Structure formats: structure tokens, C-alpha cells
Amino acid sequence: MFRLIPLLAEPEIAELRAIAAAHQFVDGRITNPHSTVKNNLQLHDGPAQARTAEIVRAAILANDDFRHSVYPKAIAPAMLSRYDVGMNYGLHADTALMQLPRGLIRADVSCTVFLSDPDSYDGGALRVTLGSGTLTFKEPAGTAIVYPSTTLHEVEPVTRGARLVALTFIQSFVSDPLKRDMLYELHEVAALEGLKMEFANYTRLQAVLSNLLRRWSDGP
Ligand SMILES: O=C(O)CCC(=O)C(=O)O
Ligand SMILES: [Fe+2]
């Protein structure tokens, strides 16, 4: 499932931009030393990184659309990343198991939160390969694109301005993307149509949803 989710409001966007402006970024290869395609910058300053992670995590957990499309079980601390002119991230797949301070997580869903106004830079779109086609995302500030970590994807070179994003990876309670999609669809239909249904039938539909989630989730 590919979902565009309005995730951050103006004050959060402003705070993350201020954090980015006030700190030194380092070569993004620090977290992927063997990558030959990664050509961007990351922010690793302790408190600034912690605050970034807190803002993004709180927004994810408070967002119904995010919760019902991703079913987050573990959220990697979000990291600010900047692509200046000439920077890009070539075609790659995300690592399946990521070592985080609190242990390993399996990346099921990848998430880019756009923080720069799209008009302020050229290039820098996220392109996700889907079979013979490609999906391209260059979204307004505050919007998150969530996409399966199983995909090959890349960030086009920036040719003007700078592209600031917050990046995170999420382990889902439901590892199978198709099952996640079906749960999301069923939840949407129940939410949109439920009030028009006979209450007894709506209750049965809710039971099916809950029982599917019980059957398909990894735990705890
Ligand atoms: O900058 C982006 O939008 C994506 C970055 C990415 O693919 C990654 O960090 O693995
Ligand atoms: Fe990636």
C-alpha cells in the first residue's frame, strides 16, 4: 500500500526546520557505510535527533490513517536528512533487519516525511519501482509517503535548492502487505458505511475486522 498522509502540522514542520537549520549534518553513509548509491546528509546530534524522533513518533501514533494502514509495532527513531544540489540516493532496497538502540526491528514500511516546500527545490522526487512502472512522489511539507520496504526506490538528484525530509522505518504488526491492505480497506468501508448499516450487522463486521487482526498480527 502506498499512502500519502498529512502527518505534521505547521508548528511541527517549523520546529523540525529550525532543528535542521541549527545543526551540522554529516555524510549519510555513516549509517550505510557500504552503500555506493547513498549521497545525502543526515543529522546525528543526540538531543536534536531525539527531538526529531519524538515529534515524528507522536504524530504517527496520533494519526488514525497511519495506524490503520501501517499497524505500527516498532518505529525506528526518525532522522532528518538533507539533499543539497547534486545529491541523490540511487536505486536500492531497504535493509530488512535494522539494528537500533533498543534492538533489531524488521523494516516492513518505509516512510518519508517531506519538510521542504516542493517549489523551493528542483529534482529530489522519491521514485518507487512497481514492476515495469514507477511511482513518483514530491509532496507538500508535512505530508508523509508510506510505502512497502520491499520495493526498489531512489531519490532523484536535487538540481536547485535543498530537500529536507524526516525518514523512518516501521515494523508492522501485520508483516504481509496484502493483509495490511485488506485490513485497511475493510476498516475504511466499516468507517464510511457503518452508520448506514443495521447495527447488528455493523457489530458483526467489527468482529470480523478484530478477528482478522488477531489472526494476522505478529503479537505481542
Ligand atoms: O529520502 C528519501 O525520501 C528516501 C531515503 C531512503 O530511501 C532511505 O533512507 O532508505
Ligand atoms: Fe530507502
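Bear in mind that the values here come from a model prediction, so they are computed numbers and not experimental data. When reading the values below, keep in mind they use all heavy atoms of this one structure, side chains included, and skip hydrogens, waters and symmetry mates. Order of appearance sets the numbers: ligands from 1, and atoms from 1 within every ligand.
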Identity of the N, O or S atom of H92 lying closest to the Fe ion (ligand 2) = NE2

Can you list the steps and then say if L16 with T52 is a side chain to side chain contact (heavy atoms under 4.5 Å, CB included)?
-> CA-CA 7 Å; L16 290 173; T52 301; 3.8 Å; yes

Side chain of S81, backbone of Q42: donor and acceptor closer than 3.5 Å?
-> no

Determine whether any heavy atom of Y83 lies closer than 4.0 Å to an atom of ligand 1.
-> yes

Sub-4.0 Å atoms of ligand 1 with respect to non-hydrogen atoms of L167 = 1 (O), 2 (C), 3 (O), 4 (C), 5 (C), 9 (O)

Measure the distance from atom 8 (C) of ligand 1 to every protein heavy atom, then report the residue, atom name and distance (to 0.1 Å) of the closest one.
-> Y89 CE1, 3.4 Å

Ligand 1 atoms in contact with T112 (distance to a heavy atom under 4.0 Å) | 2 (C), 3 (O), 4 (C)

Would you confirm whether R163, through its side chain, and S116, through its main-chain N or O, come within 3.5 Å as a donor-acceptor pair?
-> no

Within less than 4.0 angstrom of ligand 1, does E154 place any heavy atom?
-> no

Are E54 and R57 close enough for a salt bridge, meaning some N to O gap below 4.0 Å?
-> no

According to the interplanar angle, ranging from 0 to 90°, do the rings of H68 and Y71 count as parallel (below 30°), tilted (30 to 60°) or perpendicular (above 60°)?
-> perpendicular

Which of the atoms of ligand 1 are close to D94, meaning less than 4.0 Å from one of its heavy atoms?
-> 10 (O)

Looking only at non-hydrogen atoms, which of T168, L164, V155, N40 approaches atom 2 (C) of ligand 1 most closely?
-> V155

Ion pair present between K138 and E156, side-chain N to carboxylate O less than 4.0 angstrom?
-> no

Within reach of ligand 1, part of F169 (heavy-atom separation under 4.0 Å) | side chain

Side-chain donor-acceptor pair under 3.5 Å between T31 and K38, yes or no?
-> yes

Classify the angle between the aromatic ring planes of F137 and F2 as parallel (below 30°), tilted (30 to 60°) or perpendicular (above 60°).
-> parallel

For H153, the ligand 1 atoms whose distance to one of its heavy atoms is below 4.0 Å = 7 (O)

Which atom of D94 is nearest the Fe ion (ligand 2), counting N, O or S only? It is OD1

What do we get for H92 next to ligand 1 when only non-hydrogen atoms under 4.0 Å count, side chain, backbone, both or neither?
-> side chain

